[in-house]
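Comments concern the structure below.
Residues take their numbers from the sequence shown, with the count starting at 1. Just so you know, ligand 1 is whichever comes first in the structure, and atom 1 is the first atom listed for that ligand. Basis for what follows: all heavy atoms, side chains included, without hydrogens, waters or symmetry-related copies. Quick caveat: nothing in here was measured; it's all calculated off a predicted structure.
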Amino acid sequence: MSEPGKTKFQVDLRRHLRETDENRDLTRLICEIADASKYIVHSIRTGDLGVAGTSNLYGEEQLALDVLSDRILQKRLSHSGVVANIVSEERPDIITVSTESAGKYSVAFDPLDGSSLVDVNLAVGTIVSIYEGGDVFQPGRNQVAAMYILYGPRSTLVYSTGNGVHEFAMNALSEYTLIRENVTMANAGGIYSPGGQRNLYSAGTESFVQDLEARGSKLRYSGGFVPDINQVLMKGKGIFMYPHLKNAPNGKLRLLFELNPMAFLIEQAGGAASTGRERILDLKPKSIDDRAPVFIGAKDDVARAEEFIAKQG
Ligand code: FBP
């Protein structure tokens with residue numbers, strides 16, 4: 001491995017995983033997801049902007065990009081030989097790939113988060129969370145790996161297996177090569193990315209945002225969770241929030257598909273992720289649909305959000 005902060009030239013994802021992680025099945029699983037993402041990239045770049053159930057120019061059935069991305073990932077994972085259960089943001093039920101869960105993994109994913117942003121040509125992403133065994137309702141701290149792929153001007157892949165956070169970019173041969181190893185976050189500030197309607201914020205969240213603004217934080221919000229988190233993580237500063245709202249006490253974002261994997265990555269980079277009252281990774285999921293408010297990013301900023309919420313709700 002290269003020294004923290006230094007880049008290594010042309011190390012591909014498989015080689016990086018082999019060097020950092022001894023488990024061959026986990027390496028295989030992550031590489032399968034990376035391979036699947038190449039087809040998702042292709043669909044985003046070249047696909048007609050069709051809606052599910054309609055036909056394209058050639059009379060073929062058109063699939064909405066999120067449905068297509070879900071099928072691509074599900075197929076790869078089902079044939080990987082290392083997956084027990086799959087749970088997708090696109091489907092209401094758990095998909096059992098193998099009833100024999102010993103030595104296998106369960107995977108939760110959002111195949112194309114923020115897919116409506118494709119219509120206005122903004123960045124979107126795939127988010128993945130991986131657990132050992134067959135239980136998909138484990139607290140996020142049990143994840144053995146988390147990753148996302150960001151489809152922006154470039155396609156980048158960010159993963160952690162609990163040994164730091166590493167960023168790869170897709171090259172002209174559609175291979176992911178290392179661009180940053182051991183990404184880390186500063187303890188505070190600079191940017192804030194606030195989801196949800198501000199006039200529905202609680203008193204605590206409103207005071208926190210005013211405090212951020214008074215400290216000179218700049219607003220950076222695209223409406224895509226993956227690019228918004230990626231900005232905080234790669235700039236190594238700031239905070240993303242989708243708080244509890246007056247009409248939505250659990251916010252909007254989903255624990256299994258969005259919050260747990262991102263919380264794992266941000267904590268691995270030295271940041272923090274909280275509902276405003278407790279650590280995201282300690283929440284025990286009760287259902288596929290669980291949602292929670294989130295304040296995620298620089299450690300001190302998250303702690304300050306918790307202070308405001310403890311005092312003012
Ligand atoms: P969907 O589950 O409807 O795809 O929404 C997810 C998402 O688009 C996130 O990517 C983003 O952070 C958030 O919703 C934006 O929500 P809002 O439009 O309320 O700010």
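Among residues at least two apart or in separate chains, there is no salt bridge (Lys or Arg N to Asp or Glu O under 4.0 Å) pair with a member in residues 224-243.
Between Asp211 and Arg215 there is a salt bridge, since at least one side-chain N of the basic residue sits less than 4.0 Å from a carboxylate O of the acidic one. Ion pair Glu213/Arg198 flagged as a salt bridge, since at least one NZ, NE, NH1 or NH2 atom sits closer than 4.0 Å to an Asp/Glu carboxylate oxygen.
Of the polar atoms of Ser115, none of the N or O atoms is found under 3.5 Å from an N or O of ligand 1, judged by distance alone.
Cluster annotation: Met185 is not connected to Phe264 through the hydrophobic network of ILVMFWY side chains, with a link wherever side-chain heavy atoms come within less than 4.5 Å.
Looking at Lys252 against ligand 1, only its side chain comes within 4.0 Å, counting heavy atoms.
Annotation: the span from Arg277 atom CZ to Glu306 atom CD amounts to 10.0 Å, rounded to 0.5 Å.
Taking every non-hydrogen atom of Gly224 and a distance limit under 4.0 Å, the qualifying atoms of ligand 1 come out as 10 (O). Contact atoms of ligand 1 toward Gly114: 4 (O), 8 (O) (distance under 4.0 Å to a heavy atom of the residue). If you number the atoms of ligand 1 from 1 as listed, the ones under 4.0 Å from a heavy atom of Phe225 come out as 9 (C), 10 (O), 11 (C), 12 (O). Near Glu258, with a cut-off below 4.0 Å to any heavy atom, the atoms of ligand 1 are 6 (C). Residue Glu89 has at least one heavy-atom neighbour below 4.0 Å for each of these atoms of ligand 1: 2 (O). Taking every heavy atom of Asp113 and a limit of under 4.0 angstrom, the matching atoms of ligand 1 come to 6 (C), 9 (C), 10 (O).
Applying the side-chain hydrogen bond (donor to acceptor under 3.5 Å, both in side chains) rule to Asp113 yields no partners; only residues at least two apart in sequence or on another chain are considered.
For the residues Phe240, Tyr221, Phe257, the heavy atom positioned nearest atom 17 (P) of ligand 1 is part of Tyr221.
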